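The structure displayed is predicted, hence computed values, not measured ones.
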Amino acid sequence: MSKKRIAVLTSGGDCPGLNAVLRGIFCSAEELGWEVLGFRDGFEGMLSEGGDFMILNRENTAGIMQVGGTILGTTNKGHFTSKVAGGDKMEIPDEIISKASKTCRDLDLSAIIVIGGDGSMNTALQLYRAGFPIIGVPKTIDNDLEATAMTFGFDSAVACVTDALDRLHTTAASHKRMIVVQVMGRHAGWIALWGGIAGAADIILIPEIPFSLEKVAEAVQHRDLAGLKSTMIVVAEGARTQHGQQFRKQSSGGEWRLGGVGEMLGHEIAARTGKETRVCVLGHLQRGGDPTTLDRILGTSFGVKAVQLALEEKFGMMVSYQNYEVSEVPIADAIHRLKKIPSGSQLVEIARAVGISFGD
Ligand code: F6P
């Protein structure tokens with residue numbers, strides 16, 4: 001009898017911990033005597049004649065746990081893209097589904113594990129509904145996926161922000177400056193809130209709490225009057241003003257990306273306070289580098305759980321992390337809406353209790 005064969009792919013923006021999941025999948029599937037192939041560059045690997053993939057083995061999965069990125073490659077563009085300019089959802093064209101379906105049939109795949117964020121889970125759900133044996137694994141530094149308390153990659157991104165703030169505090173204090181640090185997170189403020197608290201920011205601006213420039217300026221002036229001459233502002237890229245204004249940049253392909261709020265803030269608050277100001281956009285530093293211990297544990301656990309779901313043929317389900325346990329939920333539950341910081345969040349209250357302003 002031929003060996004049971006499953007596939008895995010990494011889709012959307014990369015993040016630390018992806019390789020830990022791949023290793024977890026390979027090691028636990030090997031225990032079951034299964035073969036694991038990894039499609040290259042996300043769903044795109046299903047499209048070339050015969051499929052573009054590598055067979056995972058002991059050699060190519062050795063030593064990858066601690067390495068950022070993904071050995072399979074990934075893309076947040078391509079033929080399956082579920083998000084188009086402006087964030088609208090797109091249906092996968094029928095001919096793309098037929099091509100992918102032929103590849104998976106020819107390769108005799110018993111399960112396809114899709115590791116991705118909400119756009120990729122939307123694609124995964126469409127494929128599941130078209131008859132593919134899909135299992136989802138949630139991934140994103142933004143931590144904005146519904147139906148899981150945490151995604152791997154988030155903790156590593158927060159660690160990067162914390163480290164950056166630790167470094168920026170010393171230079172800000174030496175020059176008595178204000179520094180505005182813009183962080184990622186799309187429309188959710190998780191990275192800004194966690195990183196800001198851990199890195200002892202003075203002001204944290206998140207999409208969930210619209211800010212006023214006047215209130216931010218007041219907070220800076222209060223600090224100055226109290227003799228605290230340097231101020232650290234962490235602003236999420238998706239933060240919006242009380243007038244609802246959000247800051248975006250258009251790329252050459254007509255797509256837009258969030259960005260620009262840090263520069264605007266630096267300019268406006270400096271003008272209102274007279275404070276010497278610098279702006280630091282952390283950008284893709286937050287996505288690169290080694291996964292933290294937590295992301296290695298989460299990644300390994302998610303990989304093992306995905307193989308268990310394949311064994312139980314629980315297709316259309318996504319691995320989920322709730323109450324310190326790894327379980328599963330329907331993929332459909334994960335993509336209805338983004339998980340944002342809830343109003344009345346305990347962590348926001350804790351931040352306020354230690355004097356952090358949200359500019360509201
Ligand atoms: O979703 C992860 C993320 O890093 C967001 O925080 C950010 O807005 C976006 O991806 C950046 O995308 P790209 O890598 O395509 O510039």
E214 and R272, any side-chain heavy atoms less than 4.5 Å apart: yes
- prompt: Counting only N and O atoms by type, is there a donor-acceptor contact under 3.5 Å from the side chain of T123 to the main-chain atoms of F80?
  reply: yes
query: Are side-chain N/O atoms of T74 and D14 paired as donor and acceptor at under 3.5 Å?
result: no
Show every donor-acceptor pair shorter than 3.5 Å between a side-chain atom in residues 349-356 and any protein atom, with sequence neighbours excluded, or say none if there are none.
from	atom 1	to	atom 2	distance (Å)
R352	NH1	D360	OD1	3.1
R352	NH2	D360	OD2	2.8

field: Residue pair N19 / T10, side-chain heavy-atom distance below 4.5 Å
entry: no
field: Smallest separation among heavy atoms of A20 and M65, with atom names
entry: CB-SD, 3.6 Å
Donor-acceptor under 3.5 Å (K339 side chain, A149 main chain): yes
message: Are more than 12 heavy atoms, taken from residues, nucleotides or ligands other than K99, located less than 6.0 Å from that residue's NZ atom?
response: no
- request: Answer yes or no: is there an ion pair linking D118 with R186, defined by an N-O contact shorter than 4.0 Å?
  value: yes
- request: Measure from the side-chain N and O atoms of Q126 to the backbone N and O of I92, and report whether any donor-acceptor pair falls under 3.5 Å.
  value: yes
- request: Measure across A130 and I97 and return the closest heavy-atom pair with its distance rounded to 0.1 Å.
  value: CB-CG2, 3.9 Å
message: I'd like to know if the side chain of T148 and the backbone of T151 have a donor-acceptor N/O pair within less than 3.5 Å.
response: no
message: Using modelled atom types and a 3.5 Å cut-off, is there a donor and acceptor pairing between side-chain atoms of T61 and backbone atoms of C27?
response: no
- line: Between M184 and Q286 the two heavy atoms that sit nearest each other are N-OE1, 3.0 Å
field: Intermediate values then yes/no, salt bridge (charged side-chain N to carboxylate O under 4.0 Å, His left out), K176 and E276
entry: CA-CA 8 Å; K176 302 179 183 61; E276 192 181 10; over 6 Å; no
- request: Could you tell me whether a side-chain N or O of E208 sits under 3.5 Å from a main-chain N or O of I341, the two making a donor and an acceptor?
  value: yes
- prompt: If you measure from the Lys or Arg side-chain nitrogens to the Asp or Glu carboxylate oxygens, is any gap between E44 and R40 under 4.0 Å?
  reply: no
Test item: N143 side-chain N/O and W190 main-chain N/O as donor-acceptor pair under 3.5 Å: no
field: Whether K139 side chain and S11 backbone form a donor-acceptor pair below 3.5 Å
entry: yes
task: Kindly say whether G24 contributes a backbone atom to a donor-acceptor pair with the side chain of T300 at under 3.5 angstrom?
output: no
message: Would you say T171 and R167 are linked by a side-chain donor-acceptor pair, where the criterion is simply a distance under 3.5 Å?
response: no
message: I'd like to know if the side chain of Q322 and the backbone of A147 have a donor-acceptor N/O pair within less than 3.5 Å.
response: yes
field: side-chain hydrogen bond (donor to acceptor under 3.5 Å, both in side chains), paired with T231, selected from Q221, R223, R177, H222
entry: R223
query: What heavy-atom pair brings F132 and C104 nearest, and what distance separates the two atoms?
result: CE2-SG, 4.0 Å
- request: Could you tell me which non-hydrogen atom of S120 sits nearest to which non-hydrogen atom of G12, and how far apart they are?
  value: OG-N, 3.8 Å
- prompt: Between K340 and D144, is there a side-chain N and carboxylate O pair less than 4.0 Å apart?
  reply: no
message: Name the residue from K3, K4, R58 that meets the salt bridge (Lys or Arg N to Asp or Glu O under 4.0 Å) definition with E30.
response: R58
field: E237 and R257: CA distance, side-chain angles, deciding distance, salt bridge (charged side-chain N to carboxylate O under 4.0 Å, His left out) verdict
entry: CA-CA 9 Å; E237 61 182 357; R257 289 276 181 279; over 6 Å; no
field: Atom NZ of K249: over 12 foreign heavy atoms under 6.0 Å
entry: no
query: Do T75 and D41 have side-chain N/O donor and acceptor atoms under 3.5 Å apart?
result: no
